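The next block holds one structure in the form of structure tokens; read it before the comments.
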Amino acid sequence: MKHSAESTAASRDSLPKDPNSTSVLDDVPEFTRYRPGGVFLVISGPDRGEQVVLTDRPITLGSSPSCELVLSDRTVSRRHATAQLENNQVVVRDLGSTNGSFTYGARFKEIVVGFGTEITLGKTVLKFLPQEEALKPVESEDDRFGSLLGCDAKMRRLFGLLRDISPTDSTVLIQGETGTGKELVAEEIHRHSRRAAGPFVVFDCGAVPRELIESLLFGHVRGAFTGAIADRQGAFAEAHGGTIFLDEIGELALELQPSLLRALDKRAVRPVGGSAYKQVDVRVIAATNRDLREEVARKAFREDLFFRLAVIRVQLPALRERGRDIDLLTDSFVEQFSSGKTLALPSAERLRLHSYGWPGNVRELRNVVERACVLAKGDSLNLEELGDAVVHAAPPVFRSSLPFKEAKGQLVEHFEREYIVDLMKRHRMNLSAAAREAQIDRKHLRELLRKYGLDNRLDPADRSGE
């Protein structure tokens, strides 16, 4: 049976609109996972755009009408190749075709394909892609999961998901703005897993010099480079039996990504300067504040590496999207940093906390409350003690003593800045998407960003010093 991009019933949203692009969802949900199997999509040849879904039953690719994917390419044999799931792997076998089956120029009779793999049958090129589906976990009845706190529905859905996925060994990609708690989520996944007794190793891809990343990830042997005076284990080997957390994975240089991809595929590493691979038993969790889909689209991140990492994808909500949690988190931080003193936060001051946008998210709130507790002189906290960020969150006070034009200008500037910050944060610093929603020209939006010192490529939280 022949399937077209329009007629395939299996999750239209998870199939690519452009045959050469990553499989994406139009409205990306909070949590997603890959369905078993995947999609073979024709990306080049007479049948470009045609596809077939692989589930638990074998499929045949060829020019015969009896094939699951029927190709009109005259260089394709009637029954050219088969694909099927075997032990959670997708195996493609050539059926003795006239012109052979190839992957990246190499002829094969049987291969295991991963997401992003391209195979050539005759003059037709197919790409194997995942089918992504939204997860709708049951909301947890608790307002915490380990050290994570939240009574908002978004957080209770997160807790429900973490309860379900933690006992597995599935690779998880955690996405979210700076300060949303990505490392804490990774730690709790590890603590609630079967690997809890093993090591939890954090590797910050954005904090290590480029020339040292392979050595620190995979290890090195003595004499591999100047200064390598002894053999050294890398982060993967240190995490053996436990979990490796690849923080800021979006910062990993493009030329270093193939080495990481091989390690994920083989679950084995080869030390720098070494000649043999060493098997490692690790669970991989990665995190980023970048939109990796966009990074893939602009060729800054490998598509196949993204596929390996996003087996389960978790999007953490910003603090401004979970306003119900501000009081819960504030009280928890006050208790944590009060050093035994009884400190209270008046209701009027709580309202000011709720009026602030928290560009630095939970991390910023934690830092602000910690400073306030340290500086508190009495038994109550106030916003003067909570730091400049919160004090300046309220709109400027209207002063009739100022000339009308000047007073109006101050209010307009405050509105513009707060509007632009919220707009860019919601669109994850995507200038084009933000301009479309605001219905203003991209050039004008860029000028506003410059006016208020907001570079559209950066996170405002990074500029705030938090």
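Just so we're clear, the structure is a prediction, and the values are computed from it rather than from any experiment.
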In this structure, which one of Val296, Leu264, Asp265 forms a side-chain contact (heavy atoms from CB on, under 4.5 Å) with Leu305? Leu264
Nearest 0.5 Å please: distance from the CG atom of Leu445 over to the CD atom of Gln439. 13.0 Å
Could Lys182 and Asp247 be called an ion pair, given the rule that one side-chain N must be under 4.0 Å from one carboxylate O? no
Looking at Cys67, is its backbone amide N or carbonyl O close enough to the side chain of Arg79 to form a donor-acceptor pair, meaning the two atoms are under 3.5 Å apart? no
Do His354 and Asp327 come close enough that some side-chain heavy atom pair is under 4.5 Å? yes
Straight-line distance of Ser166 OG to Arg191 CZ, nearest 0.5 Å: 11.5 Å
Does Leu61 reach the side chain of Thr124, with side-chain heavy atoms less than 4.5 Å apart? no
Does the Gln257 side chain pair with the main chain of Leu252, one donor and one acceptor, at a distance under 3.5 Å? yes
Should Lys154 and Asp325 count as an ion pair when the cut-off is N to O under 4.0 Å? no
Judged by modelled atom types alone, do Ser432 and Arg442 share a side-chain donor-acceptor pair under 3.5 Å? yes
What one should report as the nearest heavy-atom pair of Thr103 and Glu118 is OG1-O, 3.0 Å
Residue set satisfying side-chain contact (heavy atoms from CB on, under 4.5 Å) with Lys266, at least two apart, ordered chain then number -> Ala268, Tyr277
Heavy-atom closest pair (Val70 atom, Ser63 atom, distance to 0.1 Å) is CG1-O, 3.9 Å
Would you say the side-chain atoms of His80 and Asn99 include a donor-acceptor pair closer than 3.5 Å? no
For a 4.5 angstrom cut-off between non-hydrogen side-chain atoms, does Gln279 reach His240? no
I'd like to know whether CZ of Arg320 has more than 12 heavy-atom contacts from other residues, nucleotides or ligands below 6.0 angstrom. yes
Tell me, do Arg313 and Glu132 make a side-chain contact under 4.5 Å, heavy atoms counted? yes
Arg144 side-chain N/O to Leu149 backbone N/O, donor-acceptor pair under 3.5 Å: no
If you count every heavy atom of other residues, nucleotides or ligands that lies below 6.0 Å from Glu141 atom CD, does the total exceed 12? no
Those residues at least two apart in sequence (or on a different chain) that pass side-chain contact (heavy atoms from CB on, under 4.5 Å) with Asp231 are Val221, Arg222
Can you tell me if Thr117 uses its side chain to pair, donor with acceptor, with the backbone of Gly114 under 3.5 Å? yes
Value rounded to 0.5 Å, distance of CD in Glu188 from CZ in Phe200: 9.5 Å
Surrounding CZ of Arg232 (heavy atoms of other residues, nucleotides or ligands, distance under 6.0 Å), is the total greater than 12? no
Report yes or no: do Thr75 and Asp73 form a side-chain donor-acceptor pair below 3.5 Å? yes
Heavy-atom side-chain proximity of Phe40 to Val92 below 4.5 angstrom: yes
Treating Asn87 as the side-chain partner and Gln89 as the backbone partner, does any N or O pair qualify as donor plus acceptor under 3.5 Å? no
Do Leu217 and Val269 have side chains that approach each other closer than 4.5 Å (heavy atoms only, starting at C-beta)? no
Decide yes or no for Leu69 and Val42: does some side-chain heavy atom of the first lie under 4.5 Å from some side-chain heavy atom of the second? yes
How far apart are the closest heavy atoms of Ser72 and Pro46, and which atoms are they? OG-CB, 3.7 Å
Considering all heavy atoms of both residues, which atom of Leu121 and which atom of Ser101 are nearest to each other, and what is their separation? CD2-OG, 3.4 Å
Any side-chain heavy atom of Ile249 within less than 4.5 Å of one from Leu292? yes
Using 0.5 Å steps for rounding, measure from the CD1 atom of Ile285 to the CD atom of Glu183. 10.5 Å
Rounded distance (nearest 0.5 Å) linking atom CG of Asp164 with atom CZ of Arg33: 9.5 Å
Show the nearest heavy-atom pair for residues Ala310 and Tyr34, with the distance to one decimal. O-CZ, 3.2 Å
Strictly under 6.0 Å, is that where the ring centroids of Phe145 and His192 end up? yes
Quick one about Thr178 and Asn289 (side-chain donor to acceptor, distance below 3.5 Å, no hydrogens or angles considered), yes or no? yes
Taking the six-membered ring for Trp and the single ring otherwise, decide whether the centroids of Phe128 and Phe115 are under 6.0 Å apart. yes
Got a salt bridge between Arg302 and Asp304, using NZ or NE/NH1/NH2 to carboxylate O under 4.0 Å? yes
So that I can tick it off, tell me whether Asp94 and Arg107 are bridged by a salt bridge, with the cut-off set at under 4.0 angstrom between side-chain N and carboxylate O. no
Strictly below 4.0 Å, N to O, side chains only: are Arg157 and Glu30 in salt-bridge contact? yes
CZ (Arg308) with more than 12 external heavy atoms under 6.0 Å: yes
So which heavy atom on Glu321 is nearest to which on Asp152, and how close? O-OD2, 4.2 Å
Atom pair CD1 (Ile213) and CZ (Phe218), whose distance is rounded to the nearest 0.5 Å: 9.5 Å
